[in-house]
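These numbers come from a predicted model, not from an experiment. Whatever order the structure lists them in is the order used to number ligands and atoms, beginning at 1.
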Amino acid sequence: MTELLLGVNIDHIATLRNARGTRYPDPVQAAFVAEQAGADGITVHLREDRRHITDRDVRMLRETLQTRMNLEMAVTEEMLSIACDTVPHFCCLVPEKRQEVTTEGGLDVAGQQEKLNEAVRRLNQAGIQVSLFIDPDQQQIDAAVTAGAPYIELHTGAYAEAEEGPTRDAELERIRQAAEYAASRGLKVNAGHGLTYHNVLPVAAIPQIYELNIGHAIIGQAVFSGLAGAVSEMKALLREARR
Ligand SMILES: CC(=O)[C@@H](O)[C@H](O)COP(=O)(O)O
Ligand SMILES: NCC(=O)COP(=O)(O)O
């Protein structure tokens, strides 16, 4: 089976740093450690409220990453301008609400098709590969194809939050069917949100999935086993899923 890539989201290194307004822990150092430990890419979410990743982090990471940068952002003029100035390898367009604790759902591409078509056009023109963060839903997948995005990232939050049993199994089946359909439409399929060392294997085993973006669980594990260990442990699980 094809190798499954791991994108490490380092947002919550910045959460810890910003908790006291210090310079440490530095997301730039975390990215270096994660890459050395096997991360295939680094994901950062530049939120409108800068609650964790800052503009300085984005600039520094763009200049220092050895792998590739996946910049997550809302579909706003501010973020589109920042992306076109920064030119990360990937931009993942996500929904964003100030009052949310974390991302609550997928981007409604179908409900704002013209806006997304234009955003994808601008980013593609700037040389950025665009991914749309969507729920595992055929209508949203079709809308992503219409928008001209080469990638989608399937939101795995409903799966991750479901109790083990029929509900979680149903959510996994939704992801499986969505990945299969999206690949049949010519899309590259990533997935992420809420994945942990305990729930990642069934998602990682879906053959059409190209990359998993995982952050909160890895940063949490890093508190106990160090960031390098947490990353290599997750990478080993992804390899195991594809044996
Ligand atoms: C889109 C997504 O699921 C995450 O990558 C996002 O970054 C979550 O937001 P926080 O990192 O602020 O929790
Ligand atoms: N897009 C998902 C991501 O980058 C990480 O999400 P999480 O693992 O922090 O929930």
Side-chain angles (χ1 to χ4, degrees), residues 4-19 27 30-31 34 39-54 57-58 61 65 67-76 79 83 88-109 129-136 140 144 149 151-162 171 175 178-179 188-201 203-204 209-223 227 230-231 233-235 237-238:
L4 174 59
L5 302 184
L6 173 63
V8 175
N9 183 315
I10 57 172
D11 289 350
H12 299 297
I13 296 285
T15 297
L16 183 56
R17 174 194 59 191
N18 297 4
D40 299 289
I42 298 297
T43 292
V44 289
H45 184 178
L46 183 66
R47 282 180 171 268
E48 181 202 10
D49 61 12
R50 277 51 170 196
R51 68 180 68 171
H52 40 54
I53 292 294
T54 65
D57 298 334
V58 171
L61 286 163
L65 287 184
T67 57
R68 61 253 197 311
M69 171 186 264
N70 174 32
L71 176 62
E72 291 183 338
M73 56 184 229
V75 190
T76 63
M79 290 301 158
H89 303 83
F90 296 93
C91 254
C92 184
L93 301 180
V94 304
E96 199 174 290
K97 291 195 292 280
R98 269 183 178 272
Q99 65 273 26
E100 66 186 7
V101 172
T102 187
T103 303
E104 293 171 344
L107 192 63
D108 181 13
V109 184
Q129 299 212 68
V130 182
S131 178
L132 301 179
F133 187 76
I134 60 173
D135 289 328
Q140 297 298 342
Y151 290 79
I152 59 168
E153 181 170 332
L154 295 175
H155 188 318
T156 54
Y159 160 80
E161 287 150 21
E171 289 298 338
I175 295 166
K188 276 273 182 79
V189 184
N190 299 336
H193 195 90
L195 295 176
T196 72
Y197 297 86
H198 304 292
N199 68 18
V200 71
L201 282 178
V203 176
I209 293 180
Y210 177 75
E211 178 175 85
L212 293 181
N213 283 302
I214 304 174
H216 192 254
I218 288 176
I219 305 307
Q221 181 61 22
V223 171
L227 181 57
V231 171
E233 195 181 331
M234 185 61 79
K235 188 70 183 172
L237 280 178
L238 271 52

Report the part of [X] in contact with ligand 1, treating N, CA, C, O as backbone and CB onward as side chain, heavy atoms under 4.0 Å; options are side chain, backbone, both, neither.
{"X": "Glu153", "result": "neither"}
{"X": "His155", "result": "neither"}
{"X": "His216", "result": "neither"}
{"X": "Glu72", "result": "side chain"}

How would you list, by chain and number, every residue that makes a side-chain hydrogen bond (donor to acceptor under 3.5 Å, both in side chains) with Thr103, sequence neighbours excluded?
none
Take Leu227 and Ile219 through the test side-chain contact (heavy atoms from CB on, under 4.5 Å) and record every step on the way to the result.
CA-CA 7 Å; Leu227 181 57; Ile219 305 307; 4.0 Å; yes
Sub-4.5 Å side-chain heavy-atom contact between Ile53 and Leu46
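Of all side-chain heavy-atom pairs linking Leu46 with Ile53, at least one is under 4.5 Å.
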Does only the side chain of Glu153 get under 4.0 Å from ligand 2, or the backbone, or both, or neither? Count heavy atoms.
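Near ligand 2, Glu153 shows its side chain, while the N, CA, C and O stay back.
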Heavy-atom distances under 4.0 Å decide this one: backbone, side chain, both or neither, for Asn213 against ligand 2?
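Both parts.
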For [Y], is there any backbone N or O sitting under 3.5 Å from a side-chain donor or acceptor partner on [X]?
{"X": "Glu48", "Y": "Ala74", "answer": "no"}
{"X": "Asn18", "Y": "Arg51", "answer": "yes"}
{"X": "Asp135", "Y": "Ala158", "answer": "no"}
{"X": "Thr76", "Y": "Met79", "answer": "yes"}

Under 4.0 angstrom from ligand 2, any heavy atom of His12?
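His12: no contact with ligand 2 (<4.0 Å).
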Close-contact set for ligand 1 against [X] heavy atoms, below 4.0 Å:
{"X": "Asp11", "value": "7 (O), 10 (P), 11 (O)"}
{"X": "Asn9", "value": "5 (O), 7 (O)"}
{"X": "His45", "value": "6 (C), 7 (O), 9 (O)"}
{"X": "His12", "value": "10 (P), 11 (O), 13 (O)"}
{"X": "Thr102", "value": "8 (C), 9 (O), 10 (P), 13 (O)"}
{"X": "His52", "value": "10 (P), 11 (O), 12 (O)"}

Could you walk me through whether Met73 and Leu93 satisfy the side-chain contact (heavy atoms from CB on, under 4.5 Å) test, starting with their C-alpha distance in whole Å, then the side-chain angles of each, then the deciding distance to 0.1 Å, before giving a yes or no?
CA-CA 5 Å; Met73 56 184 229; Leu93 301 180; 3.7 Å; yes
Return the closest protein heavy atom for [atom] as residue, atom name and distance.
{"atom": "atom 9 (O) of ligand 2", "answer": "His216 N, 2.9 Å"}
{"atom": "atom 3 (O) of ligand 1", "answer": "His193 ND1, 2.5 Å"}
{"atom": "atom 8 (O) of ligand 2", "answer": "Gly215 N, 2.7 Å"}
{"atom": "atom 1 (C) of ligand 1", "answer": "Thr103 OG1, 3.4 Å"}
{"atom": "atom 6 (O) of ligand 2", "answer": "His193 CA, 3.7 Å"}
{"atom": "atom 4 (O) of ligand 2", "answer": "Asn9 ND2, 2.9 Å"}
{"atom": "atom 10 (O) of ligand 2", "answer": "Gly194 N, 2.8 Å"}

Just checking, any donor-acceptor pair under 3.5 angstrom between side chains of Thr43 and Asn9?
no
Which distance, rounded to the nearest 0.5 Å, do you find between the [atom1] of [X] and the [atom2] of [Y]?
{"X": "His45", "Y": "His52", "atom1": "NE2", "atom2": "NE2", "answer": "6.5 Å"}
{"X": "Leu4", "Y": "Glu211", "atom1": "CG", "atom2": "CD", "answer": "8.0 Å"}
{"X": "Ile10", "Y": "Leu16", "atom1": "CD1", "atom2": "CG", "answer": "13.0 Å"}
{"X": "Arg47", "Y": "Thr102", "atom1": "CZ", "atom2": "OG1", "answer": "5.5 Å"}
{"X": "Ile152", "Y": "Leu107", "atom1": "CD1", "atom2": "CG", "answer": "12.0 Å"}

State if Glu100 counts as touching ligand 1 under the rule of any non-hydrogen atom under 4.0 Å.
no
Within less than 4.0 angstrom of ligand 1, does Asn213 place any heavy atom?
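No.
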Where ligand 2 meets Thr43 - atom numbers and elements under 4.0 angstrom, heavy-atom basis
4 (O)
Against heavy atoms of Ile214, which atoms of ligand 2 measure under 4.0 Å?
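Answer for ligand 2: 8 (O).
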Decide side-chain contact (heavy atoms from CB on, under 4.5 Å) for Met234 and Leu238; before the verdict, give the C-alpha distance in whole Å, the side-chain angles of both, and the deciding distance to 0.1 Å.
CA-CA 6 Å; Met234 185 61 79; Leu238 271 52; 4.0 Å; yes
Purely on distance, is any nitrogen or oxygen of Thr43 under 3.5 Å from one on ligand 1?
no
Polar proximity ligand 1 side, Arg47 side, N/O cut 3.5 Å exclusive
yes
